[in-house]
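Note that the structure is a prediction, hence the values are computed from the model and not measured.
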Amino acid sequence: MSPPQLVVHRDKELMAQAAAARLITKVVDAQASRGYASVVLTGGRNGNGLLAALAAAPARDAIDWGRLDLWWGDERFVPEGDPERNVTQAREALLDSVPLDPKRVHPMPASDGPYGKDADAAAEAYAVELAKAAGPENHAPVPSFDVLMLGVGPDTHVASLFPELPAVRETERTVVGVHGAPKPPPTRITLTLPAIRAAREVWLLAAGEDKANAAAIALSGAGEVQAPAAGAYGRSRTLWLLDAAAASQLPRSLYPPASP
């Protein structure tokens with residue numbers, strides 16, 4: 001487990017731009033050392049804000065987009081092309097404007113796909129896809145993602161791991177279906193904490209006053225069942241990227257005074 005590091009930015013726009021620059025550097029470094037990079041995307045306003053900032057960054061062309069593997073941390077189990085789907089939003093924000101290799105883009109199944117309305121079967125199929133991409137050097141039946149990004153909800157949920165629900169208690173499976181989520185739509189697919197913790201780096205994104213209490217709870221030693229964000233960490237690094245509003249309830253001692 002890597003202890004969390006915090007970076008606090010003035011506002012959500014600067015946070016998105018800085019996170020995009022940080023991601024470009026991480027992807028380019030991974031591609032230079034290994035030939036490819038593997039990233040897990042997140043939805044929501046902060047995840048999509050980062051992708052939009054990346055689309056607008058001139059340095060995005062430093063990435064070899066054809067050697068980038070993309071996965072998702074969770075998905076709303078709705079039909080393909082639905083505007084609520086994280087992959088639909090990601091395509092609009094960035095993916096449709098860069099030369100990705102379609103075979104290296106791995107969206108989670110939709111509710112009108114081969115598994116129909118069976119979210120559990122769709123989740124199991126995504127777990128199989130992850131396992132096929134994992135190598136002998138990996139630490140779990142998932143690839144060792146270079147960066148796995150997560151938005152933090154006001155209730156401390158990450159991906160579609162909500163407080164107290166069965167998915168956050170999962171210790172064996174890497175992907176599960178979620179039923180009865182407190183945030184619509186109620187049916188979802190999500191990576192579990194074991195899959196998240198296989199990532200080299202986990203980045204948690206939080207901006208806005210409505211995320212301040214969640215950040216304070218998750219970083220105060222809360223348990224992962226009650227505060228799923230507290231259980232999300234990377235093997236080599238755990239990075240919280242916040243704006244000043246989301247950090248407003250944190251003790252100043254938790255992050256360096258030089259945070260821009």
Side-chain angles (χ1 to χ4, degrees), residues 1 4 6 12 15 19 40-51 71-78 82 84-87 89-90 108 119-120 122-123 126-127 142 145 147-171 173-199 201-234 238-243 245-250:
M1 174 180 176
L6 278 68
K12 65 181 180 181
M15 186 192 90
V40 178
L41 300 181
T42 185
R45 69 174 188 249
N46 293 319
N48 292 325
L50 185 156
L51 294 182
W71 303 86
W72 271 261
D74 75 318
E75 188 56 274
R76 294 148 179 164
F77 199 55
V78 293
D82 190 297
E84 286 294 300
R85 270 176 66 81
N86 288 332
V87 66
Q89 297 171 12
M108 288 182 167
D120 298 319
Y126 202 68
V142 298
F145 311 113
V147 177
L148 185 148
M149 294 182 287
L150 297 166
V152 179
D155 61 353
T156 72
H157 84 265
V158 290
S160 284
L161 300 174
F162 293 92
E164 305 286 353
L165 290 192
V168 77
R169 303 175 188 269
E170 179 63 46
T171 60
R173 293 175 292 173
T174 57
V175 191
V176 295
V178 176
H179 306 276
K183 179 181 178 182
T187 306
R188 295 158 174 257
I189 302 172
T190 187
L191 297 188
T192 60
L193 288 176
I196 289 169
R197 293 168 182 166
E201 297 197 10
V202 170
W203 298 2
L204 297 105
L205 314 174
E209 290 182 9
D210 62 327
K211 306 297 180 70
N213 188 55
I217 291 171
L219 288 164
S220 68
E224 63 196 40
V225 173
Q226 294 76 30
Y233 48 83
T238 305
L239 187 63
W240 280 72
L241 301 172
L242 308 123
D243 72 351
S248 61
Q249 295 184 29
L250 296 175

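- At a threshold of 4.5 Å between non-hydrogen side-chain atoms, the residues Met15 and Asn46 count as touching.
- Annotation for Ala216 and Leu250: closest pair CA-CD2, 3.6 Å, computed over non-hydrogen atoms.
- Using a 4.5 Å heavy-atom cutoff, the side chains of Leu191 and Thr174 are not in contact.
- Note that CG of Leu150 and CG of Leu205 are 8.0 Å apart. Values are rounded to the nearest 0.5 Å.
- Each of Leu161, Val78, Val176, Asp74 was evaluated against Arg188; a single residue qualifies, Asp74, per the side chain to side chain contact (heavy atoms under 4.5 Å, CB included) test.
- Atom CG in Asp155 sits 9.5 Å away from atom NZ in Lys211 (nearest 0.5 Å).
- Distance check, rounded to the nearest 0.5 Å: CG of Leu219 to CG of Leu242 gives 7.5 Å.
- Side-chain contact between Asp120 and His179: present, with at least one pair of heavy atoms (C-beta onward) separated by less than 4.5 Å.
- The backbone N or O of Ala127 sits nowhere less than 3.5 Å from a side-chain atom of Arg173 that would complete a donor-acceptor pair.
- Considering only heavy atoms from C-beta on, His157 stays 4.5 Å or farther from Leu165 through its side chain.
- For the pair Glu75 (side chain) and Val87 (backbone), a donor-acceptor distance under 3.5 Å is present.
- In plain terms, the two heavy atoms of Val178 and Ala167 that are nearest each other are CG2-CB, 4.0 Å.
- No donor-acceptor pair under 3.5 Å is formed between the side chain of Ser160 and the backbone N or O of Thr190.
- Of the possible donor and acceptor atoms, none in the side chain of Arg76 sits under 3.5 Å from a partner among the backbone N and O of Pro184.
- For the atom pair Phe145 CZ and Glu201 CD, the distance stands at 14.0 Å (nearest 0.5 Å).
- Closest approach of Pro228 and Phe162 over heavy atoms only: CG-C, 3.8 Å.
- Judged by distance alone, with hydrogens and angles left aside, the side-chain atoms of Lys12 form no donor-acceptor pair with the main-chain N or O of Gly208 at under 3.5 Å.
- Listed here is the closest heavy atom pair of Val142 and Ala198: CG2-CB, 3.5 Å.
- Checked for salt-bridge contact, Arg169 and Glu164 meet the test: a charged N lies under 4.0 Å from a carboxylate O.
- A distance of 10.0 Å separates CE of Met149 from CH2 of Trp72, quoted to the nearest 0.5 Å.
- The two residues Ala232 and Val158 come nearest to each other via the heavy atoms CB-CG2, 4.4 Å.
- For the pair Thr42 (side chain) and Gly151 (backbone), a donor-acceptor distance under 3.5 Å is present.
- A 4.5 Å side-chain heavy-atom check between Val202 and Tyr233 finds every atom pair outside the cut-off.
- Separating the CG atom in Asp82 from the CD atom in Gln89 is a distance of 9.0 Å, to the nearest 0.5 Å.
- For the residue pair Ala122 and Phe77, the shortest heavy atom distance occurs at CB-CE1, 3.8 Å.
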